[in-house]
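Here the structure comes first, spelled out in structure tokens, and everything after it is commentary.
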Amino acid sequence: MKIKLRSAYQEMSPAVRTSIWFTLCNFLQRGTALITVPIFTRLLTTDEYGICNIYFAWFDVFLMFTSLKIPYEGLNNGLIRYEKDKDGYTSSVMGLIMVMTLIAAAVYMVFHDWIDRVTGLSSFIMMLMFVQLLFNPPLMLWTNRERFDFRYRWPVTVTMISTVLNPLIAIIAVLNTAYRAEARIISFVSVQTFFGLILGCVLLFKGKTLFNKNYWRFALRFNLPLIFYYISQSVLNHSDRIMINYFEGSGKAAIYSVAYSAATLMLLLVSAINGSFNPWMYKKLKAGCFQDVRKMTSVLCLLIGAATLFMGIFAPDLVSIMATEAYGEAVWIIPPVAASVFFVFMYMVFANVEMYFGRNTGILVISIICSAANLILNAICIPIWGYMAAGWTTLICYMLLTLLHYLLMKRACRWHQVQENIFSEKILLLIALSVLILSLAMLGMYRLHYFRYMVLVLEAVVLFGFRRKLLRALKQIRKGEEKNGE
């Protein structure tokens with residue numbers, strides 16, 4: 001068996017091997033983040049844990065402006081365009097990001113009082129953030145530069161070491177100081193600074209330049225038009241915690257963050273399924289096998305819907321595992337946030353069709369619409385109904401995003417004269433309505449423990465009845481994935 005596995009692995013192309021290792025690293029990072037939640041919720045107070053989560057949320061917002069997401073989105077395009085000087089392009093855009101970060105730091109120094117009030121973070125923590133903003137991009141540029149050429153050994157090694165060091169150093173630091181929130185943040189910044197400094201020097205040594213007018217112009221022209229898309233995505237991902245902190249304080253933001261962390265278990269499932277389903281779906285669309293797509297999508301939506309219900313049923317148990325009694329209110333937030341992840345999967349399915357037909361120009365517009373709706377709803381609902389309303393505003397916005405992607409998908413089908421329905425729309429609507437109704441019903445079951453477990457048994461019976469279709473669907477996707485890897 002070992003010999004067969006080793007032989008199969010050696011026969012894989014470098015691209016497939018690189019994809020496998022980076023996927024494993026992604027799961028390791030997310031899994032470690034989830035595993036450490038129960039530790040830090042017990043070592044930190046709700047206010048301290050809230051400050052840490054607000055820091056990470058604001059870091060992503062600031063990174064969007066100081067780096068323009070060049071290490072994440074714009075690097076590959078530049079490496080293709082300037083194939084003869086890939087090292088020079090990489091080190092040059094690193095210089096561009098460093099300049100933008102230093103300019104942002106100077107702006108902060110002038111307006112630090114106002115910015116501190118808006119973020120709810122101290123000047124000391126904000127200065128730590130700018131250190132991380134300076135050294136995180138070199139780490140990501142180096143990682144993605146290696147990935148571009150299908151070199152995975154060193155990036156995987158660095159990722160695994162940093163993934164282990166981050167929580168380990170943080171736990172030691174938190175246990176040995178009274179300033180526990182600051183210690184948690186300092187440990188995270190220190191690890192990223194260490195690797196970012198070393199790898200930044202590596203990039204500079206290879207590229208031998210920090211400024212190239214043509215490279216800077218290309219990077220800015222490519223990434224600046226995407227800034228509104230990045231902002232809209234950031235709003236959908238982080239505005240709830242930021243606005244809860246603004247209206248109700250870091251303690252409530254911490255409780256919401258625990259609920260959000262529990263629901264991200266669903267994101268792992270959704271990402272894994274969509275990563276395999278997407279290439280399979282493209283092949284079926286190209287072959288015109290719409291009936292296969294209809295059946296598969298319905299089965300997968302049923303599976304994700306069942307996982308959503310499972311998450312809602314076990315919400316009290318998950319919260320008790322992940323945190324202390326101080327976070328008990330997180331139970332009431334998990335059902336709507338978990339249901340939001342279900343709609344994330346649905347809109348990704350519709351978006352896959354849009355991208356297959358090359359009709360993705362409307363994605364920016366609907367992303368801006370939904371992020372604006374999220375801001376407005378949070379600004380209205382949180383002061384009136386409290387921080388728990390953010391879970392429901394998130395659900396509403398992802399439902400809106402799903403609807404708009406559905407309309408764009410239908411438009412793309414009309415433009416390409418696809419007469420046959422790609423999806424079983426009535427079945428998908430029925431599953432979506434069931435998820436919504438059962439998510440609401442979950443809220444009334446949390447004081448009826450035995451009834452919760454009866455619903456779980458009923459769900460298990462339903463899944464058992466569909467077991468053959470589920471297994472057949474997963475096997476088809478797996479076969480398609482194996483063929484793509486050949």
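For reference, positions follow the sequence shown, starting with 1.
Pairs passing the salt bridge (Lys or Arg N to Asp or Glu O under 4.0 Å) check and including a residue from residues 107-136, sequence neighbours excluded, do not occur. Counting only residues at least two apart or on different chains, the side chain to side chain donor-acceptor pair (under 3.5 Å) pairs with a member in residues 366-379 are Ser239-Asn374, Asn374-Asn378, Asn378-Thr393. Counting only residues at least two apart or in different chains, salt bridge (Lys or Arg N to Asp or Glu O under 4.0 Å) contacts with residues 172-193 comprise Glu48-Arg180.
Separation of atoms CG (Leu44) and OG1 (Thr324) is listed at 10.5 Å; rounding is to 0.5 Å. Interatomic distance, Ile70 CD1 to Thr90 OG1, rounded to the nearest 0.5 Å: 11.5 Å. Note that the CG atom of Leu68 and the CE atom of Met100 stand 4.0 Å from one another [nearest 0.5 Å]. Here the CD1-OG distance, from Ile227 to Ser232, works out to 10.0 Å after rounding to the nearest 0.5 Å. With values rounded to the nearest 0.5 angstrom, Ile51 atom CD1 is found 7.5 Å from Thr45 atom OG1. Remark: Leu210 CG to Ile97 CD1 distance equals 11.5 Å, nearest 0.5 Å.
No side-chain heavy atom of Lys206 sits less than 4.5 Å from a side-chain heavy atom of Lys86. Between Tyr387 and Ile333 there is a side-chain heavy-atom pair separated by less than 4.5 Å. Residues Ile255 and Met388 form no side-chain contact, since every pair of their non-hydrogen atoms from C-beta on lies 4.5 Å or further apart. Between Phe135 and Leu199, every side-chain heavy-atom pair lies at or beyond the 4.5 Å cut-off. Looking at heavy atoms from C-beta onward, Trp385 lies out of side-chain contact with Trp392 at the 4.5 angstrom threshold. Looking only at side-chain heavy atoms (C-beta outward), Lys213 and Phe211 come within less than 4.5 Å of each other. You'll find the side chain of Asn223 reaches within 4.5 Å of the side chain of Tyr230, heavy atoms only. Using a 4.5 Å cut-off on side-chain heavy atoms (C-beta onward), Val365 and Leu404 make no contact.
Between Ala390 and Ile382, the shortest heavy-atom distance links the atoms CB-CD1, 4.3 Å. Here the shortest heavy-atom pairing between Phe40 and Ala170 reads CZ-CB, 3.6 Å. Scanning both residues, Gly312 and Pro316, for their nearest heavy atoms gives O-CD, 4.3 Å. Taking every heavy atom of both residues into account, Leu236 and Cys370 meet most closely at CD2-O, 4.0 Å. The shortest non-hydrogen separation linking Ala323 to Arg42 is O-NH2, 3.2 Å. When every heavy atom of Ala379 is checked against every heavy atom of Met243, the shortest pair comes out as N-CE, 3.5 Å.
Of the candidates Asn176, Ile39, Asn166, Ile171 forms a side chain to side chain contact (heavy atoms under 4.5 Å, CB included) with just one, namely Ile39. Partner Tyr89 forms a side chain to side chain contact (heavy atoms under 4.5 Å, CB included) with one of Thr209, Leu75, Asn212, Asn214 and no other, that one being Leu75.
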Side-chain donor-acceptor pairs under 3.5 Å in residues 55-67, sequence neighbours left out?
residue: Tyr55; atom: OH; partner: Gln132; partner atom: OE1; Å: 2.6
residue: Trp58; atom: NE1; partner: Thr119; partner atom: O; Å: 3.3
residue: Asp60; atom: OD2; partner: His238; partner atom: NE2; Å: 3.1
residue: Thr66; atom: OG1; partner: Phe62; partner atom: O; Å: 3.2
residue: Ser67; atom: OG; partner: Leu63; partner atom: O; Å: 2.7
residue: Ser67; atom: OG; partner: Lys69; partner atom: N; Å: 3.2

Report all side-chain donor-acceptor pairs from residues 338-349 shorter than 3.5 Å, counting only partners two or more places apart or in another chain.
residue: Ser340; atom: OG; partner: Pro336; partner atom: O; Å: 2.9
residue: Ser340; atom: OG; partner: Leu395; partner atom: N; Å: 3.3

Give the C-alpha distance, both sets of side-chain angles, the deciding distance and a yes or no for side-chain contact (heavy atoms from CB on, under 4.5 Å) between Trp154 and Val202.
CA-CA 13 Å; Trp154 277 111; Val202 171; over 6 Å; no

The test is side-chain contact (heavy atoms from CB on, under 4.5 Å); show your working for Tyr327 and Ser257 and say whether it passes.
CA-CA 10 Å; Tyr327 296 84; Ser257 296; over 6 Å; no

side-chain contact (heavy atoms from CB on, under 4.5 Å) assessment of Phe195 paired with Ile161
CA-CA 10 Å; Phe195 286 107; Ile161 292 173; 3.7 Å; yes

Please report the C-alpha distance between Leu121 and Ile54 in whole Å, then the side-chain angles of each, then the deciding distance to 0.1 Å, and finally whether the side-chain contact (heavy atoms from CB on, under 4.5 Å) criterion is met.
CA-CA 8 Å; Leu121 300 171; Ile54 294 303; 4.2 Å; yes

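Between the side chain of Asn245 and the backbone N or O of Ser250 there is at least one donor-acceptor pair closer than 3.5 Å. Looking only at distances, a side-chain donor or acceptor of Ser162 sits under 3.5 Å from a matching main-chain atom of Thr159. Between the Thr193 side chain and the Val189 main chain, a donor and an acceptor come within less than 3.5 Å of each other. The closest donor-acceptor contact from the side chain of Thr41 to the backbone of Met322 lies under 3.5 Å.
A donor-acceptor contact closer than 3.5 angstrom is absent between the side chains of Tyr260 and Asp240.
Under the side-chain hydrogen bond (donor to acceptor under 3.5 Å, both in side chains) criterion, Glu248 pairs with no residue, sequence neighbours left out.
Residues Asp87 and Arg145 are paired through a salt bridge, judged by an N-O separation under 4.0 Å between the basic side chain and the carboxylate.
Within a 6.0 Å sphere centred on CZ of Phe247, heavy atoms belonging to other residues, nucleotides or ligands number more than 12.
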